[in-house]
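Here's the structure we're looking at; comments come further down.
Letters A, B, ... mirror the listed sequences (proteins, then strands); counts begin at 1. All values below come from the heavy atoms of this structure, side chains included, with hydrogens, waters and symmetry mates left out.
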There are 2 protein chains.
Amino acid sequence: MSRPQRVPRAELRQAILDAARDILDREGVSGLSARAIAREVGYTAASIYNVFGSMSDILMEVNRETFVELEKLIAGLPANEPPSARLHLLCQAYISFMRRNPALWNALFGGTRHRETFPEWYAEAIRRLFGQLTHLLMAHAPGLEPERAQRLTEQLYVAIHGAVALESDRRLDILTSQSAGEIAASVLDAMLIRLKPKA
Amino acid sequence: MSRPQRVPRAELRQAILDAARDILDREGVSGLSARAIAREVGYTAASIYNVFGSMSDILMEVNRETFVELEKLIAGLPANEPPSARLHLLCQAYISFMRRNPALWNALFGGTRHRETFPEWYAEAIRRLFGQLTHLLMAHAPGLEPERAQRLTEQLYVAIHGAVALESDRRLDILTSQSAGEIAASVLDAMLIRLKPKA
DNA sequence: ATACCTTATTGAACGTTGTTCAGTAACTCT
DNA sequence: AGAGTTACTGAACAACGTTCAATAAGGTAT
């Protein structure tokens with residue numbers, strides 16, 4: 001094989017991650033392999049392992065970028081709405097983001113290779129996302145205790161996760177005629193009504 | 001390899017399924033392979049393909065048996081309780097069944113090999129499960145319209161699925177300190193309270 | 001019994017996967 | 001120019017799902 005120009009490690013590293021995302025987008029998670037990435041960046045599969053320790057390291061790094069993109073999307077949501085509306089917007093944004101990038105979602109939550117431990121940024125990213133939800137919940141129902149808001153946030157997210165996971169496996173339409181968005185909206189509405197029955 | 005005694009197709013078929021479940025139990029879904037099954041039943045990998053068309057056919061057949069077992073478990077639940085208590089029992093039974101057989105759950109919902117279509121019994125099994133939930137919901141809130149009960153059932157199940165899926169990926173404890181059972185109970189309670197605010 | 005036919009089983013192969021490692025080429029610095 | 005560091009590859013290993021021609025075994029008919 002004719003060798004490509006020598007290139008510093010960091011440069012190849014980004015090329016690998018870009019290629020990985022392209023392949024995920026184009027062929028789905030089952031089309032992603034070390035050799036496929038190598039072909040795409042013009043290197044050999046062995047070169048991948050000079051930069052990343054394992055295939056699952058690459059996936060985790062792609063996941064980190066995915067989380068960053070998701071946070072940017074959420075940060076761009078309109079802020080001059082009542083809390084309940086913003087909660088709905090946030091949930092729908094999450095769902096439609098995952099719907100727009102099914103392979104990225106699959107990399108995030110789908111292919112459960114025996115993932116032993118999760119990196120520290122993983123829990124932090126989730127905490128940030130949950131923080132926004134909790135904050136909005138408390139803005140909507142002023143008297144709400146923080147721990148209860150936290151628990152409600154977690155329950156809401158778990159429900160949304162269930163809907164998106166099922167949809168991504170093409171199982172949701174077997175179970176129900178409701179869309180993931182409708183389910184999320186219903187669960188959220190049920191919560192909001194309970195928290196603020198009158199106004 | 002010394003050949004085993006010749007045996008009718010149907011006999012080997014069941015041996016394969018039993019071996020598959022044993023392996024799933026023992027080594028998890030990543031330890032399951034055609035060659036592993038063959039080793040277990042004392043045959044060659046090629047023999048597996050005289051009986052089943054593909055590895056994913058075997059998994060689907062295991063899944064069917066799993067569903068049957070789950071239904072038996074549910075059928076054995078105490079019936080002389082008020083509907084709300086029976087709903088809780090059903091949800092907890094579902095969760096603890098999946099917790100007791102994590103690899104079977106993983107085969108059911110986890111490893112999403114490009115599963116093109118689902119067999120007809122799949123939708124039927126779900127319909128039966130959902131039917132019980134819907135029935136109990138309507139028994140609890142007599143005035144409830146069937147379509148609404150159906151939608152609530154679906155939402156409840158999706159939430160439970162989310163919790164179990166996350167727990168099975170060891171991600172639930174990253175998101176929350178609540179257990180899958182607690183989350184399911186909370187979501188169910190929220191539903192029941194809304195349906196019957198006074199008593 | 002002998003021949004035949006059907007069914008069960010295998011060995012060996014193909015192409016794929018993740019991963020490792022010794023070897024080589026290319027730059028940098030003295 | 002020579003040495004040292006860094007980048008890159010070829011080839012291999014073990015495992016995967018899957019296929020298929022070849023073989024062995026059992027039942028049936030002559």
Side chains of residues 42-53 of chain B: which donor-acceptor pairs under 3.5 Å do they make with residues two or more places apart or in other chains?
none

Closest approach of [X] and [Y], non-hydrogen atoms and distance?
{"X": "Trp121(B)", "Y": "Met60(B)", "result": "CZ2-O, 3.4 Å"}
{"X": "Met55(B)", "Y": "Ala34(B)", "result": "CE-N, 3.5 Å"}
{"X": "Glu182(B)", "Y": "Ser177(B)", "result": "OE1-O, 4.2 Å"}
{"X": "Ala159(B)", "Y": "Val187(B)", "result": "CB-CG1, 4.2 Å"}

Who passes side chain to side chain contact (heavy atoms under 4.5 Å, CB included) against Arg148(B), sequence neighbours left out?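 Partners of Arg148(B) by the side chain to side chain contact (heavy atoms under 4.5 Å, CB included) criterion, ordered by chain and then number, come out as Leu144(B), Glu145(B), Arg151(B), Leu152(B), Arg194(B), Leu195(B).
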Who are the side chain to side chain contact (heavy atoms under 4.5 Å, CB included) partners of Thr66(A), not counting sequence neighbours?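 In terms of side chain to side chain contact (heavy atoms under 4.5 Å, CB included), with neighbours along the sequence ignored, Thr66(A) is linked to Val62(A), Phe97(A), Leu104(A), Leu108(A).
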Measuring from Leu133(B):CG to Ile74(B):CD1, what's the distance to the nearest 0.5 Å?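 Those atoms lie 7.5 Å apart.
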Without decimals, in angstroms, what is the distance between [X] [atom1] and [N] [atom2]?
{"X": "Asn50(A)", "N": "dT24(C)", "atom1": "CG", "atom2": "C1'", "answer": "13 Å"}
{"X": "Ile48(B)", "N": "dT9(C)", "atom1": "CD1", "atom2": "C1'", "answer": "11 Å"}
{"X": "Tyr43(A)", "N": "dT19(C)", "atom1": "OH", "atom2": "P", "answer": "20 Å"}
{"X": "Gln5(A)", "N": "dA25(C)", "atom1": "CD", "atom2": "P", "answer": "17 Å"}

With sequence neighbours left out, write down each residue that passes salt bridge (Lys or Arg N to Asp or Glu O under 4.0 Å) with Arg39(B), or none if nothing qualifies.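 With neighbours one apart ignored, the set is empty.
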Using a heavy-atom distance cut-off of less than 4.0 Å, which residues of residues 16-28 of chain A contact DNA chain D?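 Per residue number, the list is empty: none.
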Side-chain heavy atoms nearer than 4.5 Å, only ILVMFWY residues, links allowed to pass through others: does that put Ile174(B) and Tyr157(A) together?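 Same cluster.
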Going 5' to 3' along nucleotides 2-7 of chain C, which nucleotides have protein heavy atoms under 4.0 Å from the base (write B), which only from the sugar-phosphate (write S), and which from neither (write -)? -----B
Look at the side chain of Gln150(B) and the backbone N and O of Thr134(B), then say whether any donor-acceptor pair between them is shorter than 3.5 Å.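 No, the answer is negative, given that no donor and acceptor are paired below the 3.5 Å cut-off.
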Would a distance-only check, ignoring hydrogens and angles, find a side-chain to backbone donor-acceptor pair under 3.5 Å from Ser54(B) to Asp57(B)? yes
Assign each of Ala45(B) and Ser47(A) to its nearest nucleotide of DNA chain D by heavy atoms, then name whichever residue's nucleotide is nearer the 5' end.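 Comparing both residues, the 5'-ward one is Ser47(A).
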Quick one: which protein N/O atoms are closer than 3.5 Å to N/O atoms of nucleotides 15-18 of chain C? Pair and distance per line, please.
from: dT17(C); atom 1: OP1; to: Ser33(A); atom 2: OG; distance (Å): 3.2
from: dG18(C); atom 1: OP2; to: Ala34(A); atom 2: N; distance (Å): 3.0
from: dG18(C); atom 1: N7; to: Arg35(A); atom 2: NH1; distance (Å): 2.9
from: dG18(C); atom 1: O6; to: Arg35(A); atom 2: NH2; distance (Å): 3.1

Side-chain atoms of residues 78-90 of chain B: list all donor-acceptor pairs with protein atoms under 3.5 Å, sequence neighbours left out, distances to 0.1 Å.
from: His88(B); atom 1: ND1; to: Ser84(B); atom 2: O; distance (Å): 3.3
from: His88(B); atom 1: NE2; to: Asp189(B); atom 2: OD1; distance (Å): 3.4

Validation: residues 2-9 of chain A side-chain donor-acceptor distances under 3.5 Å, sequence neighbours left out:
none

Per the atom types in the model, does the base of dT9(C) pair as donor or acceptor with the side chain of Arg3(B) at under 3.5 Å?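 Pair found.
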Fit a plane to each ring of His161(A) and Trp105(A), take the angle between them on a 0 to 90° scale, and name the class: parallel (under 30°), tilted (30 to 60°) or perpendicular (over 60°).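 Judged by the thresholds at 30° and 60°, the geometry between His161(A) and Trp105(A) is tilted.
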Which pairs of donor and acceptor atoms, one on a side chain in residues 13-24 of chain A, lie under 3.5 Å apart (sequence neighbours left out)?
from: Arg13(A); atom 1: NH2; to: Glu61(A); atom 2: OE2; distance (Å): 3.3
from: Gln14(A); atom 1: NE2; to: Asp18(A); atom 2: OD1; distance (Å): 3.1
from: Gln14(A); atom 1: NE2; to: Glu65(A); atom 2: OE2; distance (Å): 3.4
from: Arg21(A); atom 1: NE; to: Glu65(A); atom 2: OE1; distance (Å): 3.4
from: Arg21(A); atom 1: NH1; to: Glu69(A); atom 2: OE1; distance (Å): 3.1

From the 5' end of DNA chain D to its 3' end, which nucleotides mark the outer limits of contact with chain B, defined by a 4.0 Å heavy-atom distance cut-off (strictly under)? dC16(D) to dA25(D)
With Watson-Crick and G-U wobble geometry limited to distances under 3.5 Å, how should the secondary structure of DNA chain D be encoded in dot-bracket form, using | for bases paired to another strand and [ ] for crossing pairs? |||||||||||||||||||||||||.||.|
